[in-house]
Amino acid sequence: MIKLIKKSILYGFFLILALEILVRVFYLGKDNPTRYLDQFSVEKWEPNQHGFSITGNRKQNFSEYRINSSGFNSYREFSPSLNKTEIAIVGDSFIEGFHQDYYNSIGKKIENLLPNIEVYEYGYAGYDMADQLHLIYQYKEQFELVDHVVINLEFSTDLTRSEYGVIRDRLALESRTNKLLKKSKLLVYSKSIGVLDPIKRFVSGSIIFFKQLLNKSEINTNKTKAIALKKENKYIDNFKSLVSHYGYDKDRFVLLLDTKTTSPLFLSYLNRNNFEYLDFSKAFETSDTPTTLIYDKHWNNHGRSLIAHLITEYIRKK
Amino acid sequence: MLFNSIDYIVFLPLVFFIYWFFFNKKLQIQNIFLLAASYFFYGIWDWRFLLLILASTILDFFVGQLIYSSDTKGKKRKWLWCSVIFNIGLLGFFKYYNFFIDSWIDLASVFGYQLHNTWTLKVILPVGISFYTFQTMSYSFDIYYKKITPTKDFISFATFVSFFPQLVAGPIERASDLLPQILNKRTFRYDQAVSGLKLILWGFFKKLVIADSLAPIVDDIFTNYDNHSSTTLLIGVFFFSFQIYSDFSGYSDIAIGTAKLFGIELSSNFKFPYFSRNIAEFWRRWHISLSRWFRDYVYIPLGGSKDTLWASIRNVFIIFLISGFWHGANWTFIVWGSIHALLFLPLFVSGKNRKFLDASIADKTLFPSLQECAQVIITFFMVTFSWIFFRAESLTHAWGYLKLIFFNTKIHSYTHPLGYRMLDYFIVIIVFIIYEFCIRKNERNPFISKSRYVRFLCYTILLLAILLFYDDQIDRSFIYFQF
């Protein structure tokens, strides 16, 4: 029996080692850039990093990223001036675009369509409206030189906060332990393909089970309509609060959103108060080919082209 | 609890260590623990169904003793019928009740009687009922045929009925094989445990890499069959052949491997059936424990092949029909069984059904002969086409599928429902066939190389393949659980 245990541990160790090597050889695990908090408490990527992002078990999507000196994934440096026309696109992972080659981003596509314009993509995974407006506020001098600012907004996830605060959980990903764990490409790969999800579910399920056992109370997950409405109003209030706190230039700023997934209440608020928005729902709905990646909800090349065309048309009309 | 779930990955080592470290001194306590673990394993699905297992266990335990103690053949037979009627009744109610009611209403409507369906019940099929009822019945049969004497140890008998590795999908063990292993003290054997772990790994590979990755494609093609061309429909049924084989044989390998960890040897359930050279050989290699059960407890008591030719043909037909019907309460399974009967009968009548009894394909050579290749391919195609009835939801569905294979002969490229590259699946199947061919002589030892480095490389490749094809989103239950 002891022999079996000893040998199992030994074999387990060597198997993990061999898999680690194979995952590295076939480049199955993605690279993880380092994040940090700058002097203005803006969370972004450490400047001047380079690597590859991978989605899916069998490299269904393999793309290159390049973090510029401003700390965002882009093929160009951001240097706005009065004698050029610039567009800034601010948003989350959809704008950050690790799932695309940095030289084929939405910004690059717009530049191809509008040759005399520079596009700056301020995308960062997990950014919400508070992050985005805080970024614009902190880098006011830079953003005041930009002619058009497009802000990506997902109503159900981006308006949960009424003011900006540093998200420690996200920064904790840069803790020493996490950095050490991320060195294992096998672990990174296993996590990204969902192998570790059943373990997480098992642990959280067990915790819930024991909590229920102790408290004898049921966890109510029902979302009634009243709660949903209350939530919508709360999000609208958060939007108002963020706008009044960090400022919002209605002449230059435009929201990029999907009206199909946005609250009608919020849309009517935007209309009433002259907040401009670009709706990409129609372009996506009428598309014959898929607009998102395999194994990932992010926009694929076609989806990004549709977004680029939408922004281009808007700029042309302006 | 599913084998391919995190629950099982926690459950198995825990039970294994407690079993060998804490309860290895006394057999009685070890069996009590094994029984408790088995009931826990089964009760995770639905604890109420434990009552059915318990009822079946209690009945057969006492029936076995009554058969043994009865002094006349007539009394023995009466008690045997008691066991058969109870177990078949259990099965009949939970599995076939609604089917018979629906079929009766359909039949009446053919003769112009419109009956209102008020008798069907919302009955949930208890997992594994077809397997454990057959296993308990084998105990009564074996006592009746004087192959064993009844045990007086109820705990050991209950452990035999509900031994968790094979409780829900077999192999269906005969009491004469499994019960003595439970009744006698087991000692830990390193070689046996290692061999068990190897089988578990091989089973997981078959289930996770082949069966689970083909499942979305097969589901998509069979569900939307009327939108697909014949080439796609052929891919659908070809993939289903490998899905069902890998799913079920993968389960059996994990079950046999797990049992080995507890010092128990289960019988083989699959012996590379797709390398069979005729249908008779296929049935000696596919779901062996069920075929053997029907042979020993139905076919031979009916007279087997010792009777007149017509009686023998009748017996063969009965066996295939029952075997088909055992799989599910649907006419599709009966047709599937009939097709196999029709394919088997010419061999039976010409006396060729006993050909290829022991030797596997290319038994003494490195490669199969052209004749063998042709035989294997023809048998595979026959089996594969019959799977259409097995997989289809109804006879109309199956006929529609078959019709389109022959009449919708356009060539269309098929795209994976989730957009994955189709070539990957063909490559995996081809590599799998080649590997199975290499290990064709011993189904209990999937890693035949004598070099530990080559074996290590095989383990690594299998684990990498599991990662490459792992999908957390798909339904990962085993196909045979529904039977």
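For the numbers below, each heavy atom of this structure counts, side chains included, while hydrogens, waters and symmetry mates do not. Sequence lines set the chain letters: A, B, ... in the order given, protein chains first and strands last, and positions in each chain run from 1.
Shown are B:N227, B:D226, B:D220; of these, the side-chain hydrogen bond (donor to acceptor under 3.5 Å, both in side chains) with B:N224 is made only by B:D220.
Annotation for B:K185: atom NZ counts as buried by contact number, over 12 foreign heavy atoms lying within 6.0 Å.
Residue contact with chain B, scored on non-hydrogen atoms closer than 4.5 Å, involves the side chain of A:I5 exclusively. In this structure, no portion of A:I16 lies under 4.5 Å from any heavy atom of chain B. Proximity to chain A (any heavy atom under 4.5 Å) is restricted, for B:F17, to the side chain, taken from C-beta onward. Proximity to chain B (any heavy atom under 4.5 Å) is shown, for A:K59, by neither the backbone nor the side chain. When heavy atoms are compared at a cutoff of 4.5 Å, A:L22 approaches chain B solely by way of its side chain, counted from C-beta outward. Proximity to chain A (any heavy atom under 4.5 Å) is shown, for B:Y459, by both the backbone and the side chain. Proximity to chain B (any heavy atom under 4.5 Å) is shown, for A:F14, by both the backbone and the side chain. If you measure heavy-atom distances from B:D7 to chain A, the contacts under 4.5 Å come from both the backbone and the side chain. Proximity to chain A (any heavy atom under 4.5 Å) is shown, for B:I9, by neither the backbone nor the side chain.
Taking the six-membered ring wherever Trp is involved, the centroid distance between the rings of A:F62 and A:Y27 falls below 6.0 Å. Ring pair B:Y251/B:F3: centre-to-centre distance below 6.0 Å. The distance between the ring centers of A:F98 and A:Y124 does not fall below 6.0 angstrom. Taking the six-membered ring for Trp and the full ring otherwise, B:Y435 and B:F205 have centroids separated by 6.0 Å or more.
Taking chain B as the reference chain and counting heavy-atom pairs below 4.5 Å, the highest number among A:V23, A:L28, A:L4, A:I199 is found for A:L4. For the set B:I461, B:T460, B:L468, the entry with the most heavy-atom pairs within less than 4.5 Å of chain A is B:L468. The residue among A:D197, A:N57, A:L186 with the most heavy atom pairs within less than 4.5 Å of chain B is A:N57. The candidate with the highest count of non-hydrogen atom pairs below 4.5 Å against chain A, out of B:L457, B:D424, B:L197, is B:D424. Of the listed residues A:P290, A:G56, A:A18, A:S190, the one with more heavy-atom pairs under 4.5 angstrom with chain B than any other is A:A18.
A salt bridge links B:D46 to B:R48: one of the charged nitrogens lies within less than 4.0 Å of a carboxylate oxygen. Classification of B:E265 and B:R186 as a salt-bridged pair fails, no side-chain N sitting under 4.0 Å from a carboxylate O.
When side chains are defined from C-beta on, B:I264 counts as touching B:I182, because their heavy atoms get closer than 4.5 Å.
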